Colleague: 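Dropping a structure here in structure tokens format, bear with me for questions.
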Protein chains: 2
Amino acid sequence: MDEVRSATLERMTTPATDWLRLDQQICFSLNAASRAFGGVYRVVLKDLGLTYSQYLVLLVLWEHGELPVKKLGEHLRLDSGTLSPLLKRLEAAGLVRRERSARDERSVEVRLTEEGVALRERAVEVPRRISAATGLDLAEVQDLRARLDRLTAALDAYGTDPAPGPS
Amino acid sequence: MDEVRSATLERMTTPATDWLRLDQQICFSLNAASRAFGGVYRVVLKDLGLTYSQYLVLLVLWEHGELPVKKLGEHLRLDSGTLSPLLKRLEAAGLVRRERSARDERSVEVRLTEEGVALRERAVEVPRRISAATGLDLAEVQDLRARLDRLTAALDAYGTDPAPGPS
DNA sequence: CTCAATCCAGTTGTGCGCAACTTAATTACA
DNA sequence: TGTAATTAAGTTGCGCACAACTGGATTGAG
């Protein structure tokens, strides 16, 4: 985007102040959708006694089995500041056990309890109910996911790589 | 991942357990993108001394002028439980004033201070910097916004209107 | 007019997300 | 080998989001 000096041209390009309109902000739509999802998940997960974030942790554990906190965080884009108390709550709920790795005393392995494994049976229906609430078909979901993941990658690069190209 | 034996059936009906994979969850991509945005906004808004949510409140006030808390919440999809403490902080920062409406003593009018109005000048460049970080062009942004807004509407209807069709 | 229902802002309590920090263990290198 | 740098998990502090609730103002049905 170039700087427009001339007053005449300025009328033709959108005035900078219009970019400050709420309904122009992609991030707001994103944020709103994310929170709307939260509301639906809150209802759907109520029976299981889980929050959405706790559900995500269990998804990863159901898929990958025992994992150190670090790896869990890489899958979920969360750090120990978020995960430590969350895992403590999951442990208190009897769904998960944490134990120091023997191989590396810094690391803590997180694994499902019997109860945690068993919960998967009841969680199987969750994605279907969520999918129904979105009203999206598979192709739309995959397209949207791809776009969002690219967007996330671009945003992650900000600061790290302000000029993404051959230097 | 399982080897697919009976191609015809298995292809059409993905095993329910596969729906529990993290990378199938649209909400996770959404959530991740939203948080990635948060990181960029945190950097960009640091100079202004604002959080992203505070910035959104100011966007609405810059656009609409004085508003009661209720209306503010409707624009932002937030309730008083979130807005009250947030507005208190904005007031403490000297950007906003709150006063009981004379016409309706239940209502509280939120208006910008001189300082709050002045901050707009410095905020004008924010959308440009955010836009640069996303790497999206205008058409992509608008398409994505439209999709997300439709998704939000569908999710909002969940519970309220389980069968949205002509009756 | 009356009083019950509704509405608005605010408070409380819980959980998430993240920066900044601490502690302890491991690794690297001089 | 000894020590400095790095790494992992946890803690603290802050702000946001939301459910559930309170208290006071307004509205409306009778």
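Protein chains get the first letters and strands the later ones, always in sequence-line order, with residue 1 at the start of each. The shown structure was predicted, so the numbers you read here are calculated from the model rather than taken from an experiment.
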Colleague: Could you state the atom-to-atom distance from NZ of B:Lys46 to P of D:dC14 in whole Å?
Modeller: 16 Å
Colleague: Going by side chain to side chain donor-acceptor pair (under 3.5 Å), name the residues that satisfy it together with A:Arg35, two or more places apart in sequence or in a different chain.
Modeller: A:Asn31
Colleague: Check side chain to side chain donor-acceptor pair (under 3.5 Å) between B:Asp47 and all other residues, then give those that pass, not counting sequence neighbours.
Modeller: none
Colleague: Applying side chain to side chain contact (heavy atoms under 4.5 Å, CB included), name anything that partners A:Gln142, two or more places apart in sequence or on another chain.
Modeller: A:Leu138
Colleague: Tell me which nucleotide among C:dG17, C:dA9, D:dA17 gets nearest to the side chain of B:Lys70.
Modeller: C:dA9
Colleague: Using whole Å, report how far CG of A:Leu90 lies from P of D:dG10.
Modeller: 13 Å
Colleague: Using side chain to side chain contact (heavy atoms under 4.5 Å, CB included) as the criterion, list what pairs up with B:Ser53, not counting sequence neighbours.
Modeller: B:Thr51, B:Leu86
Colleague: Return the set of residues passing side chain to side chain donor-acceptor pair (under 3.5 Å) with B:Glu91 (not counting sequence neighbours), or none when no residue passes.
Modeller: B:Arg98
Colleague: Are any side-chain N or O atoms of A:Glu121 and backbone N or O atoms of A:Ala118, one a donor and one an acceptor, separated by less than 3.5 Å?
Modeller: no
Colleague: Kindly write out the residues that satisfy side chain to side chain contact (heavy atoms under 4.5 Å, CB included) with A:Arg122, not counting sequence neighbours, or none if the list is empty.
Modeller: A:Leu48, A:Leu119
Colleague: Answer yes when B:Asp79 and B:Lys70 have at least one side-chain N-carboxylate O distance shorter than 4.0 Å, and no when they do not.
Modeller: no
Colleague: Between B:Thr51 and A:Lys71, which has a closest nucleotide on DNA chain D that is more 5'?
Modeller: A:Lys71
Colleague: Please name all residues satisfying side chain to side chain donor-acceptor pair (under 3.5 Å) with A:Tyr41, sequence neighbours left out, ordered by chain then number.
Modeller: B:Gln25
Colleague: Donor-acceptor check, side chain of A:Ser131 to backbone of A:Pro127, threshold 3.5 angstrom: yes or no?
Modeller: no
Colleague: Rounding to an integer number of Å, can you tell me how far A:Asn31 CG sits from C:dG17 P?
Modeller: 12 Å
Colleague: Sequence neighbours excluded, which residues qualify as side chain to side chain contact (heavy atoms under 4.5 Å, CB included) partners of A:Glu99?
Modeller: A:Arg97, A:Arg111
Colleague: From the set C:dC8, D:dA19, C:dG17, return the single nucleotide nearest to any side-chain atom of A:Leu78.
Modeller: C:dG17
Colleague: Looking at A:Val57, A:Leu56, A:Leu58, A:Leu50, which hits side-chain contact (heavy atoms from CB on, under 4.5 Å) with A:Gln54?
Modeller: A:Leu50
Colleague: By a strict heavy-atom criterion of less than 4.0 Å, which residues belonging to residues 95-107 of chain B are in contact with DNA chain D?
Modeller: B:Arg103, B:Asp104, B:Glu105, B:Arg106
Colleague: To the nearest angstrom, how far is A:Leu155 atom CG from C:dG17 atom P?
Modeller: 17 Å
Colleague: Give me the residues of residues 80-88 of chain B where at least one heavy atom lies under 4.0 Å from an atom of DNA chain C, by number, or none.
Modeller: B:Ser80, B:Gly81, B:Ser84, B:Lys88
Colleague: Measure the distance from CD on B:Glu109 to P on D:dA25 and round it to the nearest whole Å.
Modeller: 17 Å
Colleague: A:Val110 pairs by side-chain contact (heavy atoms from CB on, under 4.5 Å) with which of A:Leu61, A:Val60, A:Leu83?
Modeller: A:Leu61
Colleague: Could you state the CD-C1' distance from B:Glu74 to C:dA9, rounded to the nearest angstrom?
Modeller: 14 Å
Colleague: In whole angstroms, how far is the P atom of C:dG17 from the CZ atom of A:Arg77?
Modeller: 12 Å
Colleague: Write down the protein N/O and nucleotide N/O pairs, taken from nucleotides 21-23 of chain C, whose separation is under 3.5 Å; answer none if there are no such pairs.
Modeller:
none

Colleague: Return the residues of residues 35-43 of chain A meeting this criterion: a heavy atom under 4.0 Å from some atom of DNA chain D. Order them by number, or give none.
Modeller: A:Arg35, A:Arg42
Colleague: For the side chain of B:Trp62 and the backbone of B:Leu112, is there at least one donor-acceptor N/O pair under 3.5 Å apart?
Modeller: no
Colleague: Give the rounded distance in Å between these two atoms: CG of A:Asp79 and P of D:dA9.
Modeller: 11 Å
